[in-house]
Amino acid sequence: MNPNTQLSSGNSVSLKQKVLPVWNQLGMLIILILLCIIMALFAPYFTEVNNVLNILKQSSITAILAAGMTVVILTGGIDLSVGSTLALSGVISVMLSNAGFPPLIAMLAGIGTGYFAGVINGYFTAVTKLPAFVVTLGSMTYLRGVAFVISGGLPLVLKNKFFIFFGAGSILGIPTPIYIMMVVYVIMFFVLKYTMFGRHVYAIGGNEEAARLTGIKVEKTLINVYSISGLMAGIAGVVMAGRVISGQPNAGVSFELDAIAAVILGGTSFVGGVGRIQGTIIGVLIMAVLSNGLTLLNVDFYWQMIVKGLVIVIAVLLDKLRN
Amino acid sequence: MNPNTQLSSGNSVSLKQKVLPVWNQLGMLIILILLCIIMALFAPYFTEVNNVLNILKQSSITAILAAGMTVVILTGGIDLSVGSTLALSGVISVMLSNAGFPPLIAMLAGIGTGYFAGVINGYFTAVTKLPAFVVTLGSMTYLRGVAFVISGGLPLVLKNKFFIFFGAGSILGIPTPIYIMMVVYVIMFFVLKYTMFGRHVYAIGGNEEAARLTGIKVEKTLINVYSISGLMAGIAGVVMAGRVISGQPNAGVSFELDAIAAVILGGTSFVGGVGRIQGTIIGVLIMAVLSNGLTLLNVDFYWQMIVKGLVIVIAVLLDKLRN
Amino acid sequence: MEAIHKSFSGVQVLRNINLELRKGEVHALMGENGAGKSTLMKIMAGIYRPDSGRIIYKGEEMAWHSPLEARGKGISVIHQEISLSPNLTIGENILMGTKFPKNKLGLVQWDEIFKKTKIVLESIGSDLNPKLRVSELSVAQQQIVEIARALSFNSEVLIMDEPTASLTDKEIDKLFVIINDLREKGVAIVYISHRMDEIFKISDRCTILRDGQWISSHPIAETNPEQLVKQMVGRDLNDLFQKKFSPLVTPQGEPVLELIDVCDKGIVKNISLKIYPGEIVGLAGLVGAGRTELIRAIFGISKMTSGVIKLNGKPVNIKSPIEAMKHGIAHVPESRKEQGLFPNLSVKENMIMNQMHLYRKGGVLQYASMNAEINKYMKDLGVRAASIEQNVMGLSGGNQQKIVIARWLSIGPKVLLLDEPTRGVDVGAKTEIHKIICELAEKGLAVLMVSSELPEILGVSDRILVMHEGKLKAELSKEEATQEKIMYFATGEIKK
Amino acid sequence: SNNNTATNNKGENKAANTTDTAATTEPAKEAKKLKIGLTVPSLSNPFFVAMSKGAQEVATKYNAEVITVSADQDLAKQTAQIEDFITKKVDLILLSPFDSKGIAAAVQQAKTAGIPVICVDGSADGGIDSVVMSDNVMAGTLAAQYLADRLGGKGNIVIIDGPPVSAVTDRIKGFEEGIKAFPDIKVISKQNGEGNREKALSVMENILQANKDINAVFAINDPEGVGVKIAAEQAGRGDEFFIVGVDGAPEAVDALKEKKAFAATSAQFPNEMVLKAVEIGIKILDGEKVEQQILIPVELITQDNVDSYRGW
Ligand SMILES: Nc1ncnc2c1ncn2[C@@H]1O[C@H](COP(=O)(O)OP(=O)(O)OP(=O)(O)O)[C@@H](O)[C@H]1O
Ligand SMILES: Nc1ncnc2c1ncn2[C@@H]1O[C@H](COP(=O)(O)OP(=O)(O)OP(=O)(O)O)[C@@H](O)[C@H]1O
Ligand SMILES: O[C@@H]1[C@H](O)[C@H](O)CO[C@H]1O
Ligand SMILES: [Mg+2]
Ligand SMILES: [Mg+2]
């Protein structure tokens with residue numbers, strides 16, 4: 001509202017006119033591609049097949065969490081508990097597997113634990129209408145407590161080969177977690193775009209009151225939304241357990257922030273109702289390429305933090321400029 | 001869109017606004033008192049003067065952060081960077097002090113660093129209108145990177161006695177941080193209630209668009225809001241440095257969550273425009289009493305996490321149920 | 001509906017209400033703001049459950065468990081507050097809450113959605129593209145989507161809660177054609193509106209509520225506007241407001257506000273106008289004509305791309321509301337809720353917000369010293385509130401609107417821009433607001449008033465400007481203006 | 001000829017690209033730099049910062065390129081870092097494992113790629129070539145012995161635990177075994193200081209409140225130990241008990257020199273660990289046989305011998 005603002009918004013207009021056409025459609029994808037080009041030019045080995053697979057493999061766990069987080073944020077909510085849920089489901093599935101349960105059962109139990117944790121989050125958020133931030137801040141804390149208590153605070157080594165395969169194996173030279181991630185994204189894409197539930201998610205995020213008045217079962221939908229996030233955290237927990245061959249009670253600390261960052265980088269808005277799952281995977285990849293590339297470039301670890309922090313802000317800023 | 005909607009949701013709001021502000025805080029105050037009674041009954045030494053001072057002293061840093069966070073959340077924003085800002089300002093002030101600058105100058109430089117970090121957050125949030133979550137997630141990352149880079153990753157031992165006094169000293173038997181916390185709260189109470197800036201904060205939180213159309217300088221106010229949060233983090237950083245007699249680049253990790261939890265427990269709503277600084281201090285004390293009491297009771301660390309997580313949810317739930 | 005009772009958090013909102021709705025009738029439901037009309041309808045449609053009382057539908061007692069259930073049985077609602085999801089397409093919004101067309105795999109078929117909703121839209125004479133997002137629509141277009149949605153259910157009972165609040169006469173006429181059509185098909189319609197002329201035009205019977213109580217029901221033919229108003233407000237309104245017929249004051253001296261060839265980034269096109277002190281200039285036009293955009297450009301909210309604004313003959317460059325304020329321009333925005341009120345603050349603070357700096361001593365706000373000024377406005381504007389410390393959302397729409405007006409009067413403006421000053425305000429309050437506007441003008445204020453209600457424009461203005469597609473099409477004096485003339489220019493049919 | 005042996009020795013389980021690695025080291029050290037990757041659990045812990053200092057020394061000493069990364073206490077991240085090292089075709093991986101078992105899969109990948117993996121500060125599964133570490137159990141035992149001696153086998157003690165990683169749990173194990181022999185030493189409180197100064201300070205303040213008679217405190221590392229010391233001094237109970245830590249960190253050296261409550265620490269030598277590990281790594285690359293495990297003994301540093309302590 002002051003002259004300065006006007007000036008700067010004026011500048012953005014001219015910028016807009018130059019770059020707008022391509023920008024509008026591709027947005028964050030362009031940023032990802034730019035980032036890849038830079039890395040390809042400067043970071044040795046960046047373009048090797050193996051490295052590309054590495055990036056995808058390393059993204060997979062955050063990507064799975066972020067898929068659930070996308071749905072939550074689309075409704076205008078947030079889920080801080082995904083990191084802790086991941087830890088708990090990993091611990092439980094490994095415990096059961098080691099206790100002699102068939103691996104599939106153990107894994108399903110771990111995933112089910114995540115789902116159940118999500119149901120509770122959903123219940124408090126949707127039915128008793130507590131702010132999602134508080135509910136999931138609470139569950140973030142107590143779920144990790146539970147993970148520590150049942151594991152005695154120590155990592156549990158995973159023994160079952162079949163279970164390990166899901167996190168550390170590969171099919172046709174491509175690591176299993178990449179397949180799992182892809183399946184998750186394809187399903188979530190369809191769920192969001194082609195099911196009633198998905199459209200209700202958007203409707204609730206756009207205008208919860210209106211959704212209620214048109215007869216959408218808002219509570220039920222929201223419980224499902226948090227359950228999906230829990231489910232994703234459960235899957236991520238099991239994949240993680242396989243990948244690191246153990247159930248770690250302290251796994252996934254601050255993963256919620258990575259997942260949220262990816263969702264927001266992917267263009268999903270906190271306001272609710274606006275965003276796409278395709279954007280999220282791009283957000284995840286931006287973060288992963290950055291981490292991988294900076295390490296390949298041998299950038300000092302502390303400087304990596306500075307660069308990453310700045311890239312988060314700059315990427316969203318660039319994305320903003322095109323609107 | 002229409003008057004009647006407002007009217008209808010209006011009555012409950014008006015009732016709340018009239019009668020419940022007192023109850024609202026009394027509500028959480030009751031929970032705090034209940035908690036204290038339980039602890040007094042079961043936890044040995046809980047009621048000793050020394051212990052009460054301990055609780056206050058231990059609260060002080062979170063309390064100072066939470067005071068700034070209250071203002072931010074009142075405008076409908078969030079500041080995830082306070083923990084990193086605290087670390088950076090601690091490191092800088094200790095470095096300068098050890099480099100021979102007079103302690104007051106060193107401390108002011110640390111506080112100024114926090115303020116400056118806040119100005120940048122405010123700029124991106126208010127002027128370029130990026131979501132506060134992203135902006136402060138970014139600065140949370142890069143500010144900590146900076147703290148690490150300039151300290152080389154190592155804690156810097158603080159030598160100046162006067163500086164140490166601000167964190168570890170005491171006056172008339174009462175630890176200095178308690179005074180600082182009290183001064184901060186009195187000033188913030190006053191600022192929020194009796195200055196134009198304070199009322200603009202509420203106005204913006206209640207209806208940003210209306211605020212703009214009413215001639216409130218929204219951008220300027222928001223920049224100030226984030227600057228205050230940065231300032232508080234700066235003060236907290238200096239107090240912390242004095243308290244632990246060193247500048248620690250890894251200090252304050254996840255303090256933002258503690259501060260946010262305290263603000264929300266204190267009845268300030270994420271929706272914006274609703275809440276009070278008096279509530280926040282109660283929120284801080286609930287968390288501190290819990291930590292202190294559970295340790296006095298010698299409750300296992302992992303179980304403490306479970307209890308704390310549950311208490312956050314239950315407290316907010318109880319508070320909700322009263323309405 | 002029989003003996004309906006309802007209270008919210010201990011406050012009784014409906015007491016012993018009876019309402020009988022017959023097949024094939026248009027039943028007007030009337031009452032002041034807050035009388036309980038919407039609440040009663042929400043009970044009928046299963047959104048709220050009554051505390052006591054019975055709903056008898058087609059001879060059977062019903063207890064709705066959800067809006068879905070009521071709708072399934074044939075009761076649909078056009079809500080007063082627009083209840084669309086702005087981020088979704090028109091098509092989705094129309095079908096929202098129903099089962100979407102799906103293929104064998106259970107996946108939603110988008111083509112079908114758009115095809116189906118295109119038909120619905122066309123049936124009410126709208127050519128909106130169902131693939132558009134609702135957020136891109138004007139308020140009026142959204143209202144049309146809302147209507148289309150309600151009609152898409154083939155209901156037996158249709159509740160219309162102020163469907164015309166943001167429509168102009170052209171759309172209203174279109175709507176009335178549809179209503180008549182539905183009536184003939186035997187649909188029972190509840191019609192809520194604060195516009196008296198509509199009630200007499202469309203309805204068969206009416207029911208009047210006051211303060212949550214049933215007052216009377218009778219055929220519309222047996223009543224008249226004066227009687228209805230009396231029943232609604234419970235007292236005689238010393239005649240509906242009529243502007244004192246002042247002999248035509250030829251504007252004298254300099255105009256306070258003058259616009260020369262003002263354009264914005266595409267909506268407002270080459271607007272030139274003058275407003276003299278003491279004058280109320282009405283700005284008429286169809287929805288989307290660009291009136292709001294013009295007001296926003298004057299007030300510095302949106303940017304002018306060319307043209308000049310002169311105040312008292314001097315060109316000014318207004319780039320923000322703050323600067324507009326400094327030049328003595330006041331602006332009461334179109335949407336109270338979104339642009340006017342601070343829902344979290346008291347009446348007092350809402351009123352004083354842009355003048356707070358006057359009540360500081362050494363930077364400290366002196367709340368007590370504000371009271372005299374505030375009480376003055378409370379009295380002058382006749383604001384009915386329990387206390388000035390009360391939360392503003394506890395007031396009726398009309399009183400809320402007065403508070404927004406008071407906020408702007410407190411700057412002692414020279415120019416007052418009013419955008420739909422009485423939208424959704426009941427008759428009583430509307431009259432009072434009109435009176436206030438005229439009194440202000442008498443004191444020398446220059447007023448530019450946008451309104452979509454022709455009676456309001458005709459009743460209050462000294463001079464009427466008509467906009468069409470961003471351009472000024474006509475200037476009519478009070479004497480020559482009629483509804484027909486205004487509509488003639490507003491629709492852009494300039495072939496005399 | 002050395003290089004030949006190297007190829008022979010590693011030949012069996014090596015893919016083509018390993019020969020590549022060997023080839024790159026072949027044209028003598030001045031032509032092709034030795035590339036080393038070091039991943040540590042957390043670079044916000046002074047101990048590992050000291051380790052990274054050791055890595056810098058290595059870089060100058062061997063004219064090598066050393067990449068140091070921090071896993072931020074996250075096993076998945078450490079796994080990813082090792083994968084990135086493999087991509088980058090480092091010659092040698094130094095691994096300070098966040099979790100010894102969990103990292104096994106990553107270690108195997110490195111081995112498959114023909115890159116030697118040497119652990120520092122803690123061992124790991126998956127077929128590492130060697131490990132250089134302090135004896136963490138011994139660190140606990142030494143602390144226990146010192147503490148028991150000084151208490152005369154009798155007293156109330158407090159344990160400040162830390163994050164659940166093997167280095168820490170080993171110390172606790174060593175310590176608890178060490179004091180088993182003294183039934184009159186009572187652990188009156190055991191709480192978690194989360195490995196850092198600020199948390200340990202708050203926790204100790206609370207413990208001091210609940211316990212009026214404390215004779216000694218064992219903290220799993222020095223940052224915690226210093227936190228405990230600050231708490232004691234501020235409570236005016238700086239003379240009531242003594243503190244034993246682990247690490248031999250600079251902050252502990254300062255505290256020891258003050259000759260107050262901070263009485264002793266089981267010092268380990270992070271930078272030396274790295275130097276030693278690289279030495280061994282080069283031997284492996286040169287095809288020499290190396291020891292499976294090299295234990296760098298911890299030294300108990302007390303107020304009496306602190307002046308002769310060489311430090312990090
Ligand atoms: N959900 C609610 N909670 C509390 N009070 C409510 C609620 N809904 C409506 N009310 C109150 O009930 C009364 C009747 O409101 P209602 O919306 O039915 O009035 P109305 O006749 O439709 O008014 P208008 O003409 O302004 O639309 C008002 O006093 C309103 O404040
Ligand atoms: N924020 C916006 N984004 C996109 N289009 C807009 C926006 N605001 C207004 N418009 C469009 O600008 C045109 C002029 O709108 P304006 O609100 O000025 O009309 P109006 O005459 O005041 O009508 P109304 O009765 O709807 O307020 C319309 O076509 C409208 O759809
Ligand atoms: O040995 C190190 C340090 O003592 C650190 O303080 C904790 O982690 C261990 O691995
Ligand atoms: Mg109504
Ligand atoms: Mg308008």
Side-chain angles (χ1 to χ4, degrees), chain A residues 1-2 4-5 8 12 78 80-81 84 120 124 128-135 137-153 209 249 253-254 257 260-261 264-265 269-271 300-317 319-321, chain B residues 5 9 78 80-81 84 124 127-135 137-150 152-153 212 215-220 249 253-254 257 260-261 264-265 269-271 300-317 320-321:
Chain A
M1 285 302 119
N2 57 39
N4 289 336
T5 336
S8 57
S12 70
I78 197 161
L80 299 177
S81 70
S84 299
I120 296 176
F124 281 121
T128 64
K129 299 198 170 42
L130 302 184
F133 200 101
V134 182
V135 170
L137 183 66
S139 55
M140 165 180 172
T141 313
Y142 65 69
L143 290 173
R144 188 163 303 277
V146 173
F148 274 125
V149 167
I150 64 174
S151 67
E209 187 56 24
V253 171
S254 89
L257 291 181
I260 295 169
I264 303 295
L265 275 180
S269 145
F270 269 121
V271 183
D300 174 78
F301 177 73
Y302 300 143
W303 280 100
Q304 285 196 19
M305 293 178 79
I306 298 179
V307 174
K308 271 188 217 165
L310 291 176
V311 167
I312 292 176
V313 178
I314 292 169
V316 181
L317 187 63
D319 192 46
K320 180 96 185 181
L321 286 185
Chain B
T5 347
S9 58
I78 197 161
L80 299 177
S81 70
S84 299
F124 281 121
V127 180
T128 64
K129 299 198 169 44
L130 302 184
F133 199 100
V134 183
V135 170
L137 183 67
S139 54
M140 164 180 172
T141 314
Y142 67 69
L143 291 172
R144 189 163 302 277
V146 173
F148 275 125
V149 167
I150 65 175
R212 212 178 291 278
I216 293 173
K217 290 175 181 154
V218 175
E219 282 76 25
K220 198 181 135 193
V253 171
S254 88
L257 291 180
I260 294 169
I264 303 295
L265 275 179
S269 145
F270 269 120
V271 183
D300 175 76
F301 180 68
Y302 302 141
W303 278 99
Q304 286 196 19
M305 293 179 79
I306 298 179
V307 174
K308 273 188 215 166
L310 291 176
V311 167
I312 292 176
V313 178
I314 292 169
V316 181
L317 187 64
K320 181 97 184 181
L321 286 184

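The chains referred to below are lettered A, B, ... by the order of the sequence lines, with proteins before strands, and numbering in each begins at 1.
Rounding to the nearest 0.5 Å places CG of L80(A) at 6.5 Å from CG of L257(B).
A donor-acceptor pair under 3.5 Å is absent between the side-chain atoms of K320(A) and the main chain of L130(B), judged by distance alone.
Only the side chain of I264(B) comes within contact range of chain A, with at least one heavy atom under 4.5 Å from a heavy atom of that chain. In this structure, no portion of I150(B) lies under 4.5 Å from any heavy atom of chain A. Only the backbone of V135(B) comes within contact range of chain A, with heavy atoms under 4.5 Å apart.
The greatest number of non-hydrogen atom pairs below 4.5 Å with chain A, out of L137(B), L143(B), I314(B), is found for L137(B). The choice from V311(B), I260(B), L265(B), D300(B) that makes the most heavy-atom pairs within less than 4.5 Å of chain A is I260(B). Heavy-atom pairs under 4.5 Å with chain A peak, among I312(B), V271(B), V149(B), at V149(B).
For the pair F124(B)/V316(A), no side-chain contact is recorded, criterion being any heavy-atom separation below 4.5 Å from C-beta on.
By the side chain to side chain contact (heavy atoms under 4.5 Å, CB included) test, V253(A) is found to be paired with R144(A), residues two or more places apart in sequence or in another chain being considered.
The two residues V313(A) and G138(B) have their closest heavy-atom pair at CG2-CA, 3.9 Å.
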Which atom pairs, donor and acceptor, lie under 3.5 Å between side-chain atoms of residues 302-310 of chain A and protein residues at least two apart or in another chain?
{"unit_1": "Y302(A)", "atom_1": "OH", "unit_2": "L43(D)", "atom_2": "O", "d": "2.8"}
{"unit_1": "Q304(A)", "atom_1": "NE2", "unit_2": "V299(A)", "atom_2": "O", "d": "3.3"}
{"unit_1": "K308(A)", "atom_1": "NZ", "unit_2": "S291(A)", "atom_2": "OG", "d": "3.0"}

